[in-house]
Amino acid sequence: MMKSVFLCGFMGCGKSTVGKVAAGMLGMQFIDLDEFIEQQEGMTIPVIFSKKGEKYFRKCETEAIAQFEGHSAVVATGGGALLREENAAAAQKAGKVIFIDTDFDTCYERIKDDPHRPIAYNSTKEQLRERFEQRRPLYLAHSQFTLNGALSPAQMAAEIKKIAIKK
């Protein structure tokens with residue numbers, strides 16, 4: 001059985017789009033970690049944040065990631081999930097962590113007007129660029145592989161497949 005594959009990167013880098021294609025190629029289940037947490041908690045991420053706080057949500061992420069150990073899935077993590085050392089360690093224990101390295105301007109064009117992304121929707125381009133620049137070194141440090149986000153979803157999925165089937 002193949003281990004799980006965790007995709008990380010900034011909002012809009014392509015984790016969900018590429019993850020679905022890669023899961024299809026690998027014959028694995030695709031999981032959006034935020035949706036998985038929403039199902040487990042019975043409320044949306046914004047509601048979790050407002051009722052229980054970010055600290056509680058981050059604990060939910062850690063527990064959710066740990067559940068994939070011994071399972072086979074392609075998991076698109078939320079933009080902040082693998083910034084935490086403990087989450088990165090749990091993901092690496094459960095499988096392989098791949099950073100989708102997409103340039104800021106591409107990410108920004110994809111997320112700028114999306115009301116389902118409260119951080120993006122309520123931030124200026126400069127604030128998002130600063131967040132991107134703070135996060136990128138952590139994504140690099142917490143992943144075992146890096147993919148060029150300028151490739152097509154099919155090209156990235158093919159690369160993920162190669163990584164996933166390597167022992």
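Nothing fancy with the numbering, it's 1 onward along the sequence.
Of the possible donor and acceptor atoms, one in the side chain of K96 sits under 3.5 Å from a partner among the backbone N and O of K166. No donor-acceptor pair under 3.5 Å is formed between the side chain of D101 and the backbone N or O of T146. Side-chain N or O atoms of E54 include none that pairs as donor or acceptor with a backbone N or O of F49 at under 3.5 Å. S123 places no side-chain N or O within donor-acceptor distance of the main-chain N or O of A120, the cut-off being under 3.5 Å. At distances below 3.5 Å, at least one donor-acceptor pair connects side-chain atoms of S72 with backbone N or O atoms of M2. The main-chain N or O of H71 is found under 3.5 Å from a side-chain atom of S4 such that the two form a donor-acceptor pair.
With rounding to the nearest 0.5 angstrom, the OG1 atom of T77 is 11.0 Å from the CD1 atom of I98. K51 NZ to E41 CD: the interatomic distance, rounded to the nearest 0.5 Å, is 11.5 Å. L138 CG to E85 CD: the interatomic distance, rounded to the nearest 0.5 Å, is 8.5 Å. To the nearest 0.5 Å, atom CG of residue L128 and atom CE of residue M11 are 5.5 Å apart. Note that CD of E109 and OG1 of T102 are 13.5 Å apart. Values are rounded to the nearest 0.5 Å. Between K161 atom NZ and M28 atom CE the span is 11.5 Å, to the nearest 0.5 Å.
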Passes side chain to side chain contact (heavy atoms under 4.5 Å, CB included), F36 versus I65? Steps please.
-> CA-CA 10 Å; F36 182 81; I65 290 167; over 6 Å; no
Just do the side chain to side chain contact (heavy atoms under 4.5 Å, CB included) check on I100 and Y139 with the steps written out, would you?
-> CA-CA 9 Å; I100 300 179; Y139 294 136; over 6 Å; no
Side chain to side chain contact (heavy atoms under 4.5 Å, CB included) between E159 and Q155, worked out = CA-CA 6 Å; E159 291 300 312; Q155 289 170 315; 5.8 Å; no
How far apart are the C-alpha atoms of E63 and Q40, what are their side-chain angles, what is the distance that settles it, and do they pass the side chain to side chain donor-acceptor pair (under 3.5 Å) test?
-> CA-CA 11 Å; E63 291 167 0; Q40 288 197 317; over 6 Å; no
Apply side chain to side chain contact (heavy atoms under 4.5 Å, CB included) to R58 and K55, showing your working.
-> CA-CA 5 Å; R58 298 300 174 198; K55 190 174 180 183; 5.9 Å; no
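Transitive grouping of hydrophobic side chains (ILVMFWY, heavy atoms separated by less than 4.5 Å) keeps L82 and L7 in distinct clusters. Under the 4.5 Å side-chain heavy-atom criterion for Ile, Leu, Val, Met, Phe, Trp and Tyr, F6 and I31 are members of the same hydrophobic cluster. Linking ILVMFWY side-chain heavy atoms closer than 4.5 Å, directly or via other members, places F10 and Y108 in a single hydrophobic cluster. Linking Ile, Leu, Val, Met, Phe, Trp and Tyr residues whenever their side-chain heavy atoms come within less than 4.5 Å places V74 and F145 in a single cluster. I160 and V21 end up in different hydrophobic clusters when Ile, Leu, Val, Met, Phe, Trp and Tyr side chains are linked at under 4.5 Å.
The salt bridge (Lys or Arg N to Asp or Glu O under 4.0 Å) test with D105 is passed by exactly one of R129, K112, R110: R129.
Ring pair F132/F104 is perpendicular by interplanar angle, where above 60° counts as perpendicular and below 30° as parallel.
Closest heavy-atom contact between G78 and L33: N-CB, 4.5 Å. Contact record, C60 with I37: CB-CG2, 3.9 Å, taken as the closest heavy-atom pair. Heavy atoms only, all atoms of each residue included: Q92 and V97 are closest at CG-CG2, 3.7 Å. Shortest non-hydrogen contact noted between C8 and C13 is O-SG, 4.3 Å. Closest of all the heavy-atom pairs between Q127 and N122 is OE1-O, 4.3 Å. Smallest separation of non-hydrogen atoms from E38 and T44: OE2-CA, 3.5 Å.
Remark: K15 does not engage D32 in a salt bridge, criterion side-chain N to carboxylate O under 4.0 Å.
More than 12 heavy-atom neighbours from other residues, nucleotides or ligands sit within 6.0 angstrom of NZ on K125.
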